[in-house]
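These notes are about the structure you will find just below.
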Amino acid sequence: MRLSYKSIPILFLTLLTFLSYAQEEEGPRLIVRGDDMGSSRSSNLASIETFVNGIETSIELMAVAPWFPEAAQLLRENTGVEVGLHLAITSEWDGVKWKPLTNCPSITDANGYFFPMIGPNKNYPGQSVTENQWKLEDIEQEFRAQIELALKHVPQINHLSGHMGSTGFHPDVAKMVTGLAAEYDLLLISSELMQDLNISRATYEGPNGTAEEKEASFIRMLEKLEAGKSYQFVDHPAYDNLEMEGVGHIGYENVAEDRQGVTDTWTSDKVKEAVRINDIELVNFSTIAKSLPRTDPANENINPEAIREYIQAVKENNQDLHSLMILRNGKVAFEQWFGENAANKPHVMFSVSKTFTATAIGFAVQEGLLSVSDKVISFFPDKLPRETSANLQALEIRHLLTMTVGHDEDPTGVIRNSPDSDWIKAFLAFPMEHKPGDQFVYNSLATYMLSAILSHVTGERLLDYLQPRLFRPLGITAATWDESPQGIQIGGWGLKVKTEDMAKLGQFYLQKGKWNDKQLLQESWFEEATVKQVPSLPAGVKEENLKVKAKDSDWLQGYGYQLWQSRHNSYRADGRDGQFILVLPEKNAVIVTTANISNMQAELNLIWEYLLPAFED
């Protein structure tokens, strides 16, 4: 019989120390922010390089600058980095200038360019915003245009910042920008936010004139960061090339050399090693500003001894668990990563991707863009086979959601491995032996069709569509999603997000679409999606070949809208090799795992044996 922790206070204190270890001993958290993407091609390419091959975690994009179109395309191809919009009303360089997007004469010079400075500068007398009769309505109009252009082309933008202090040089401007941030549901990176989030400004520790000095001073800075605290480091990556040699202004002439040093430092192997040695967690703004609240297991009536026993059982059963996060009452009560896995590392989702896709369909239904009763063939009249069977004609979106397409076998492997195959055409041409709705056959290409339908009716990629509706409100950033040969995000697999992002989706479902007291997705969707819509079978198994009883299997409890019903009155998002978002409504709890565990039933069995009883009343 398992003892209650309430009866063994000494053991409880020991275990609480163990369970809180990661929080007590966690290293510093560092945001590495690269500014001015869009201002030059050099800046564009270096911004991406310092993310892909370096330590940069957040990029500030200037929508008004001349190289914005290329920057937007690069960011569409690299959705794994957090992006902020760098609002600009200055054009500081002497050799290259940019003009506003709108007619705002109070903040432009006689040639229609932005002034080079916000405040007075002895090198540019009379050429600053504050030395002229700026109008608040002009600045608001221009900022609004920049926001709308940027969001149109870079949907993953999640915050605003000010170029050269443009968003806070006057209290009226700061108030106006705060209103814009709220209106567009974007974070505003300001001194007030930094103070509220306890994020300190980190700077070079020592000289930083050359690339070598930058690297050494940056490493010294890393070594001085304090455990448990959060920091922001800001600089401007670019290359020392002909383009950047033509950039500069009085007082800052060595721009090309200086910014190459930033690029070199942020991609330096020595710097990466210093990050590792000093146990620094590289994060972005959203990770800190929109993290789930934290607590201890005991505060939410979760038995910490049971968690310890579960982790021990995982080890004894040689299960390769990568992460575990337990939520109750909307708070993270326990979290741990194993091996080389970490909180800031996105993890492959496999079929957990399906639940994100179904959520997007829910939003499209809410917006009246489609209905679950819509016929699938109506969306792709140019991709139909020469003869459309009665079964194909009857196929509805609801059948894609519930895996009751009518195929006798899952066509996914055949279609995705066929060279030069149009996945939509191949899916619609695949033999459909049964009437839709009659038979459950696990079918990942059915989810791909949901993504294709969504892209067809919205004109957006699945990930882009989810950004303002789900990802931005929940604070899910840096997600990536693989695409088919036709450029459609796969839907049924291919998504990568972090463990806490999974937990946020689980909590979103537990709260039936409500987030921060706002109903983002109508409750009626969850009443359909999270219940047993159809009987279910394990993937690739036919009913006549079943060798397990329903009471012993979490794959025989029924299927909803891209969600499995589970035992103990729960439901789950479920991905190959042990990726789970397990929602337990009766316990007001969510359990999330990432793993490489092929026997997923064994993984769930341990959860039921040890973690389910841990939720005490």
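Thr79 places a side-chain heavy atom less than 4.5 Å from the side chain of Arg461. Two residues are said to be in side-chain contact when any heavy atoms from C-beta on lie closer than 4.5 Å; Asn132 and Ile107 fail this criterion. Side-chain atoms of Leu292 and Lys331, non-hydrogen and from C-beta on, never get closer than 4.5 Å to each other. Contact of the Phe218 side chain with the Ile55 side chain is registered, since non-hydrogen atoms from C-beta on lie closer than 4.5 Å. For the pair Thr287/Arg29, a side-chain contact is recorded, criterion being any heavy-atom separation below 4.5 Å from C-beta on. By the 4.5 Å heavy-atom criterion applied to side chains, Ile139 and Gln141 are not counted as neighbours. With a 4.5 Å cut-off on side-chain heavy atoms, Gln127 and Met117 do not count as touching.
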Salt bridge (Lys or Arg N to Asp or Glu O under 4.0 Å) between Arg220 and Glu223, worked out
CA-CA 5 Å; Arg220 281 194 293 271; Glu223 293 169 346; over 6 Å; no
Could you walk me through whether Glu49 and Thr267 satisfy the side chain to side chain contact (heavy atoms under 4.5 Å, CB included) test, starting with their C-alpha distance in whole Å, then the side-chain angles of each, then the deciding distance to 0.1 Å, before giving a yes or no?
CA-CA 8 Å; Glu49 183 189 351; Thr267 56; 4.1 Å; yes
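Under the 6.0 Å distance and 45° angle rule, Arg469 counts as a cation-pi partner of Tyr465. For the pair Lys512 and Phe526, the NZ or CZ position fails the cation-pi test of under 6.0 Å to the six-membered ring centre and within 45 degrees of the ring normal.
Between Tyr252 and Trp93, the angle of the ring planes lies from 30° to 60°, which puts this pair in the tilted group.
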